[in-house]
Amino acid sequence: MKLLTYQTQNSGARLGLIHQNTVVDIANFGDVMQFTLPDSMLGLIDRGHEIIGEIEALLQKVDPGDLKGISFKMDEITILAPIPKPRKNIIGIGLNYTEHVAESARTLDTSKELPQQPVIFSKPPTTVTATNTNILHNTKLTQQLDWEVELAVVIGKKGKYVKKEDALDYVFGYTIINDISARDCRRAGQWIVSKGQDTFAPMGPILVTADEFGDPHNVNLSLKVNGVEKQNSNTKFMLFNINELIVDLSTVFTLEPGDIIATGTPAGVGAGRSPQEWMWDGDVVEATVEGIGTLVNTIKSI
């Protein structure tokens, strides 16, 4: 199922599903079917994986005419981030593609050795912004604004000491995150100032549930700046795949419904180029993941 958070001119944030090229309001759909459904993505995730099958079953039964009053065309809505305000920090994974390890070692103060364990950092909830919004570039803080396309995992149920073979059972769905990074804002090896500035986690445009997305370990991902391709790779080249990340993270702390894991970026970031490239006011960055879509944002200097 393809899910999104949206708003109209007359409403705040609402939860929708894409059905026959229209957006059906999920809470209103529940009212039509006399089956209580939530009006937010986090509320839906809290209902567990089973809720997706229940909604699909209801879609098979509904009279198409009953959907007309609770549906919108895509050009009638504004798409918000799938989870506009996460409950906790986004979990970031650094240096998770071999070629990105190499390019980072050449130009940043990271080791040329492949990590033996996942490199973990975080991004505050205020980093989240939606597609078709501005990424704020605080020129007083950074002159090295960089891009990183990533497949993001949204956790669907509580997990501690998860077994590798069971790990994907804990995934509710997938979306895109552009892990915006201010390369000159790292402090003594710590990344949160570099990664955690407001709007530095564009997310979306939609969330695809795990049952529809399929195998997350063979998915193309790419990124363009001003129409020029900068990154192009596949998730099969992750050093630590999603199963391994969930195992490792759940050993450190309990994963909970709604937690978000940005799984790392492949080679092609601006810092790794010769000469290095950075984003500036007015630049348009497009992050694409196969099966999800394209996340589009514009740089705005402040």
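It should be emphasised that the depicted structure is a prediction, and the values quoted were computed from it without experimental measurement.
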Counting heavy atoms not belonging to Asp63, are there more than 12 under 6.0 Å from its CG?
yes
Any side-chain to backbone donor/acceptor pair from Gln60 onto Ala57? Under 3.5 Å, distance only.
no
Quick check for you: to the nearest 0.5 Å, what is the distance between Leu239 atom CG and Thr98 atom OG1?
4.0 Å
State, with a plain yes or no, whether a side-chain heavy atom of Val62 is found less than 4.5 Å away from one of Phe29.
yes
Would you check if there is a donor-acceptor pair between the side chains of Asn10 and Thr8 at a distance under 3.5 Å?
no
Contact between Val23 and Tyr6 at the side-chain level, heavy atoms closer than 4.5 Å - yes or no?
yes
So do Glu277 and Lys230 actually touch side chain to side chain, heavy atoms under 4.5 Å?
yes
Side chain to side chain contact (heavy atoms under 4.5 Å, CB included) assessment of Met279 paired with His137:
CA-CA 9 Å; Met279 295 186 293; His137 178 195; over 6 Å; no
Main-chain N/O of Ile70 paired with Asp25 side-chain donor or acceptor, under 3.5 Å:
no
Does Lys160 offer a backbone N or O that forms a donor-acceptor pair with the side chain of Ser250 under 3.5 Å?
no
Okay, side chain of Thr127, backbone of Pro124: is any donor-acceptor separation there less than 3.5 Å?
yes
How about Thr235 and Leu221: do any of their side-chain heavy atoms sit closer than 4.5 Å?
yes
For a quick test of reading the model, state the closest non-hydrogen atom pair linking Met33 to Leu58 and the distance between them.
CE-O, 3.8 Å
Point-to-point distance, once rounded to the nearest 0.5 Å, from CD1 of Ile135 to CD1 of Ile180:
3.5 Å
Do Thr263 and Ile242 come close enough that some side-chain heavy atom pair is under 4.5 Å?
yes
Evaluate whether atom NZ of Lys158 has more than 12 neighbouring non-hydrogen atoms of other residues, nucleotides or ligands under 6.0 angstrom away.
no
Any link between Leu80 and Leu17 through a network of hydrophobic side chains (Ile, Leu, Val, Met, Phe, Trp, Tyr) touching at under 4.5 Å?
no
Can you check side chain to side chain contact (heavy atoms under 4.5 Å, CB included) on Phe213 and Val219, steps first, answer last?
CA-CA 10 Å; Phe213 193 70; Val219 176; 3.9 Å; yes
Enter the distance from Leu151:CG to Glu290:CD here, rounded to the nearest 0.5 Å.
11.0 Å
Would a distance-only check, ignoring hydrogens and angles, find a side-chain to backbone donor-acceptor pair under 3.5 Å from Asn232 to Ser222?
no
To the nearest 0.5 Å, what is the distance between NZ (Lys123) and CH2 (Trp191)?
11.0 Å
Can you name the closest pair of heavy atoms from Ile90 and Val128 and give their distance?
CD1-CG2, 3.7 Å
Here the pair of heavy atoms bringing Leu136 nearest to Thr199 is N-OG1, 2.8 Å
Starting from Val149, can I reach Leu145 by hopping between I/L/V/M/F/W/Y residues whose side chains sit under 4.5 Å apart?
yes
For side chain to side chain contact (heavy atoms under 4.5 Å, CB included), just list the numbers for Lys224 and Val284, CA-CA rounded to whole Å, side-chain angles, deciding distance to a tenth of an Å, and then say yes or no.
CA-CA 8 Å; Lys224 295 178 180 178; Val284 177; over 6 Å; no
Do Asp259 side-chain atoms and Ile155 backbone N/O form a donor-acceptor pair below 3.5 Å?
no
Heavy atoms from other residues, nucleotides or ligands near CD of Glu165 exceed 12 (cutoff 6.0 Å):
yes
Please assess Val171 against Ile246 for the test side chain to side chain contact (heavy atoms under 4.5 Å, CB included), listing each intermediate value before the final yes or no.
CA-CA 9 Å; Val171 177; Ile246 289 174; 3.7 Å; yes
Same apolar cluster (I L V M F W Y, side chains within < 4.5 Å links), Val162/Ile91:
yes
Nearest 0.5 Å, please: how far is CZ in Phe237 from CG in Asn96?
13.5 Å
Least distance between heavy atoms, Val296 atom then Glu286 atom
CG2-CG, 4.1 Å
So, are Glu148 and Arg183 salt-bridged, with charged N and O less than 4.0 Å apart?
yes
If only atom types and distance count, is the side chain of Glu212 paired as donor or acceptor with the main-chain N or O of Thr209 below 3.5 Å?
no
Heavy-atom nearest pair, Ile260 first then Ala152, reads CG2-CB, 4.3 Å
Is the shortest side-chain heavy-atom distance between Leu207 and Phe172 below 4.5 Å?
yes
May I ask whether Phe35 and Val32 are part of the same hydrophobic cluster, defined by side-chain heavy atoms of I, L, V, M, F, W, Y residues being less than 4.5 angstrom apart, directly or through others?
yes
Using distance alone, with no hydrogens and no angle criterion, decide if Asp146 and Ser181 have a side-chain donor and acceptor under 3.5 Å apart.
no
To the closest 0.5 Å, what do you measure between CZ (Phe200) and CD1 (Ile177)?
14.0 Å
Linked, directly or transitively: Ile51 and Leu4 (ILVMFWY side chains, under 4.5 Å)
no
Could you pull out all residues at least two apart from Asp75 that satisfy side chain to side chain donor-acceptor pair (under 3.5 Å)?
none
Any donor-acceptor N/O pair, Gln276 side chain to Gly270 backbone, under 3.5 Å
no
Where is the tightest heavy-atom contact between Trp147 and Gln231, given as atom of each residue plus distance?
CD1-OE1, 3.3 Å
Donor-acceptor pair, Thr5 side chain versus Leu15 backbone, under 3.5 Å?
no
Find out whether Pro38 and Asp46 are in side-chain contact, i.e. whether some heavy atom of one side chain is under 4.5 Å from a heavy atom of the other.
no
Treating Thr131 as the side-chain partner and Pro205 as the backbone partner, does any N or O pair qualify as donor plus acceptor under 3.5 Å?
no
Lys88 vs Glu256 side-chain heavy atoms within contact, under 4.5 Å
yes
